[in-house]
Trainee: 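One structure is given below, represented as structure tokens, and several questions about it will come after.
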Protein chains: 2
Amino acid sequence: MASPTPAETGTASAGPDGKGAEAKGSGGSGRFDGIGLVAEPVFLMARAASLGSADANRALAGLGLKVRGYSALAVVCSGRKPTQRELSEFLVMLPSRVVAILDELERRGLVQRTADPRDRRSNVIVPTEAGLELYARAKEAVDAATEESLGDLTPKERQELARLLTKAAF
Amino acid sequence: MASPTPAETGTASAGPDGKGAEAKGSGGSGRFDGIGLVAEPVFLMARAASLGSADANRALAGLGLKVRGYSALAVVCSGRKPTQRELSEFLVMLPSRVVAILDELERRGLVQRTADPRDRRSNVIVPTEAGLELYARAKEAVDAATEESLGDLTPKERQELARLLTKAAF
DNA sequence: TATTGTTATACTCTATAACTATA
DNA sequence: TATAGTTATAGAGTATAACAATA
């Protein structure tokens, strides 16, 4: 059981099996009952995030994106015109990592660094047409992956999960 | 706002600010409203897990543990006598990573690799007295950190969050 | 033949500290 | 004096492939 092959998981997460092979749908932790850890939010969030990111990375692989690049592109495509500092805070990424992510997105012609008229130290990041188009397709891919990885939750449960995670994440 | 100093975050997570400095308690995403990404579970789980792990790592630092080592110790101390393969699957860690984690825990005298009478290829991992004692203290530290990072959620909401995350994580 | 644990290796991400140009 | 972006570098974590012992 459970293929020990990590698969092309991209990077930002993943682990030994692309998808939990234990007791999905049993309503509990399946064959891992009795381990106190399964009741701890820190562990549950880490595991869910790891598996979810792996799924999303697989879904994004065909578009040449991974979760972090996709997330940055999503903020840039929101119309908010973020600076790199804002991206750093929102995505919980170090400024130096933002540089690398944007270098790649800019090299591919998906975003542009533009001058901030109010502070010449800052870069305002805006999407290109190609960036907006790729983002639209990427979002579909991520949504489809989410649909699959949260397949056990009802729409109402998903909405509640998102609400609670928002309180935990901000 | 928001100290750009990452602080001694351990490793398994972290980012630019140890704790969200935006609009905690506003019931929403604060100054990040209008970014579609904040509604996506993959992003929310990654952000919550990142901040939560950073908090937990800070809480565990004084005990010489980080989230992954703590998690492995927790499973070993559950009385389940896991093999390394089982730890790999449960913790979503590659077998080679489990080797490194256990090498460290064993070197510190917290766990022991013992022979599996039913399969001489496997190691059955058991805790030492010192391991059980350290785990008890570590669990308290993690629980306290969780108490703080989920401080905005009512007990009922935390319970519901744990239930939904369990469905998502297994 | 397949699996467990192990080692080795390459790559990515995280963390820190410096540097520049602005403010 | 402080901040935004950049670069460089050290340290963890992730992903693969191979191997010995065992099944």
Side-chain angles (χ1 to χ4, degrees), chain A residues 1-18 46 49-51 53-54 57-58 61 65-69 71-72 82-89 91-104 106 113-125, chain B residues 1-18 46 49-51 53-54 57-58 61 65-69 71-72 82-89 91-104 106 113-125:
Chain A
M1 61 184 64
S3 119
T5 313
E8 80 304 330
T9 253
T11 293
S13 59
D17 48 26
S50 174
L51 296 175
S53 292
N57 278 334
R58 263 189 297 278
L65 289 172
K66 283 179 289 189
V67 169
R68 306 231 79 149
S71 298
T83 65
Q84 295 185 201
R85 183 63 52 172
E86 288 170 331
L87 284 172
S88 167
E89 291 175 22
L91 301 176
V92 194
M93 256 195 302
L94 293 169
S96 50
R97 187 90 197 84
V98 173
V99 170
I101 296 280
L102 290 182
D103 281 352
E104 167 74 2
E106 192 168 36
R113 288 167 162 101
T114 68
D116 184 338
R118 299 197 286 200
D119 186 339
R120 280 162 39 201
R121 292 173 302 181
S122 300
N123 293 330
V124 168
I125 316 301
Chain B
M1 58 181 61
S3 120
T5 313
E8 81 302 329
T9 252
T11 292
S13 58
D17 48 23
S50 174
L51 296 174
S53 293
N57 278 333
R58 264 189 297 277
L65 289 172
K66 283 178 289 190
V67 168
R68 306 231 76 149
S71 298
T83 65
Q84 295 184 201
R85 182 64 51 172
E86 288 171 331
L87 283 173
S88 167
E89 291 176 21
L91 301 175
V92 194
M93 256 194 303
L94 293 170
S96 52
R97 188 90 198 84
V98 173
V99 170
I101 297 279
L102 290 182
D103 282 352
E104 167 75 1
E106 193 168 35
R113 288 168 161 100
T114 68
D116 184 338
R118 298 197 287 199
D119 185 339
R120 281 164 37 201
R121 292 173 302 181
S122 300
N123 292 330
V124 168
I125 316 301

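A, B, ... follow the sequence lines: proteins, then strands. Residue 1 opens every chain.
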Trainee: Over how many whole Å does the gap from A:R68 atom CZ to D:dG13 atom P extend?
Mentor: 16 Å
Trainee: Rounded off to whole Å, could you give me the CG-to-C1' distance for the A:N57 and D:dT14 pair?
Mentor: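 Computing the A:N57:CG to D:dT14:C1' distance gives 12 Å.
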Trainee: As an exercise, state the distance from CG of B:L91 to CZ of B:R68, rounded to the nearest 0.5 Å.
Mentor: 6.5 Å
Trainee: Kindly say if A:K66 contacts the phosphate of C:dC13, meaning a side-chain N or O under 4.0 Å from OP1 or OP2.
Mentor: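 True: A:K66 side-chain N/O within range (under 4.0 Å) of C:dC13 OP1/OP2.
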Trainee: CG/A:N123 to CG/A:L87 distance, rounded to the nearest 0.5 angstrom?
Mentor: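 Reported value, rounded in 0.5 Å steps: 10.5 Å.
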Trainee: Quick check against the 3.5 Å criterion: does A:S88 have a side-chain atom that pairs as donor or acceptor with the backbone of A:M93?
Mentor: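 Here the side-chain-to-backbone pair exists.
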Trainee: Round to a whole Å and report the spacing from CE of B:M93 to P of C:dG5.
Mentor: 13 Å
Trainee: What nucleotide among D:dT7, C:dT6, D:dA4 has an atom nearest to a side-chain atom of A:S122?
Mentor: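 Output: D:dA4.
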Trainee: Please enumerate all residues that pass side-chain hydrogen bond (donor to acceptor under 3.5 Å, both in side chains) together with A:E86, with sequence neighbours excluded.
Mentor: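 Expected list: none.
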Trainee: Atom CD1 of A:I101 and atom C1' of D:dG5: how far apart are they, to the nearest Å?
Mentor: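 One finds 15 Å between C1' of D:dG5 and CD1 of A:I101, rounded.
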Trainee: Could you state the CG-P distance from B:L94 to D:dG13, rounded to the nearest angstrom?
Mentor: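 That distance rounds to 12 Å.
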Trainee: Over how many whole Å does the gap from A:I125 atom CD1 to D:dA4 atom C1' extend?
Mentor: 11 Å
Trainee: Counting distance only, does the side-chain N/O of B:E106 pair as donor-acceptor with the main-chain N or O of B:R113 below 3.5 Å?
Mentor: yes
Trainee: Using the C1' atoms of five pairs at each end, what's the angle between the two axes of the helix from C:dT1-D:dA23 to C:dA23-D:dT1, to 10 degrees?
Mentor: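 Axis-to-axis angle, ends of the helix: 10°.
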Trainee: Please tabulate the protein-to-nucleotide N/O contacts below 3.5 Å involving nucleotides 20-23 of chain D, giving atom names and distances.
Mentor:
residue	atom	partner	partner atom	Å
D:dA23	OP1	B:R120	N	2.7

Trainee: At their closest point, which heavy atom of B:N57 faces which heavy atom of B:V67, and how far apart are they?
Mentor: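 Shortest heavy-atom separation between B:N57 and B:V67 comes out as OD1-N, 2.9 Å.
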Trainee: Quickly work out the B:R113 CZ to C:dT4 P distance and round it to whole Å.
Mentor: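 To the nearest whole Å, that distance equals 15 Å.
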Trainee: Name all residues meeting the side-chain hydrogen bond (donor to acceptor under 3.5 Å, both in side chains) criterion together with B:R97; count only those two or more places apart in sequence or in a different chain, and write none if there are none.
Mentor: none
Trainee: For A:R85 and D:dA4, give me the distance from atom CZ to atom C1', rounded to whole Å.
Mentor: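 In whole Å, D:dA4 C1' lies 6 Å from A:R85 CZ.
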Trainee: Excluding sequence neighbours, so at least two apart, what forms side-chain hydrogen bond (donor to acceptor under 3.5 Å, both in side chains) with A:D116?
Mentor: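 Partners of A:D116 under the side-chain hydrogen bond (donor to acceptor under 3.5 Å, both in side chains) test: none.
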Trainee: Mind checking A:S96 for me? I need base, sugar-phosphate or nothing, with any heavy atom below 4.0 Å counting as a touch.
Mentor: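 If one applies the 4.0 Å heavy-atom cut-off, A:S96 turns out to touch a base.
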Trainee: Would you say C:dT6 has OP1 or OP2 under 4.0 Å from some side-chain N or O of B:N123?
Mentor: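 So the side-chain polar atoms of B:N123 do come within 4.0 Å of the phosphate oxygens OP1 or OP2 of C:dT6, strictly under.
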Trainee: Can you figure out which of D:dT7, D:dT14, C:dT6 approaches the side chain of B:V99 most closely?
Mentor: C:dT6
Trainee: My understanding is that only residues two or more places apart in sequence, or in another chain, count here; which of them pass salt bridge (Lys or Arg N to Asp or Glu O under 4.0 Å) with A:R120?
Mentor: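 Checked A:R120 against salt bridge (Lys or Arg N to Asp or Glu O under 4.0 Å); zero matches.
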Trainee: With a 4.0 Å cutoff (strictly under), does any side-chain N or O of B:R97 reach OP1 or OP2 of C:dT7?
Mentor: no
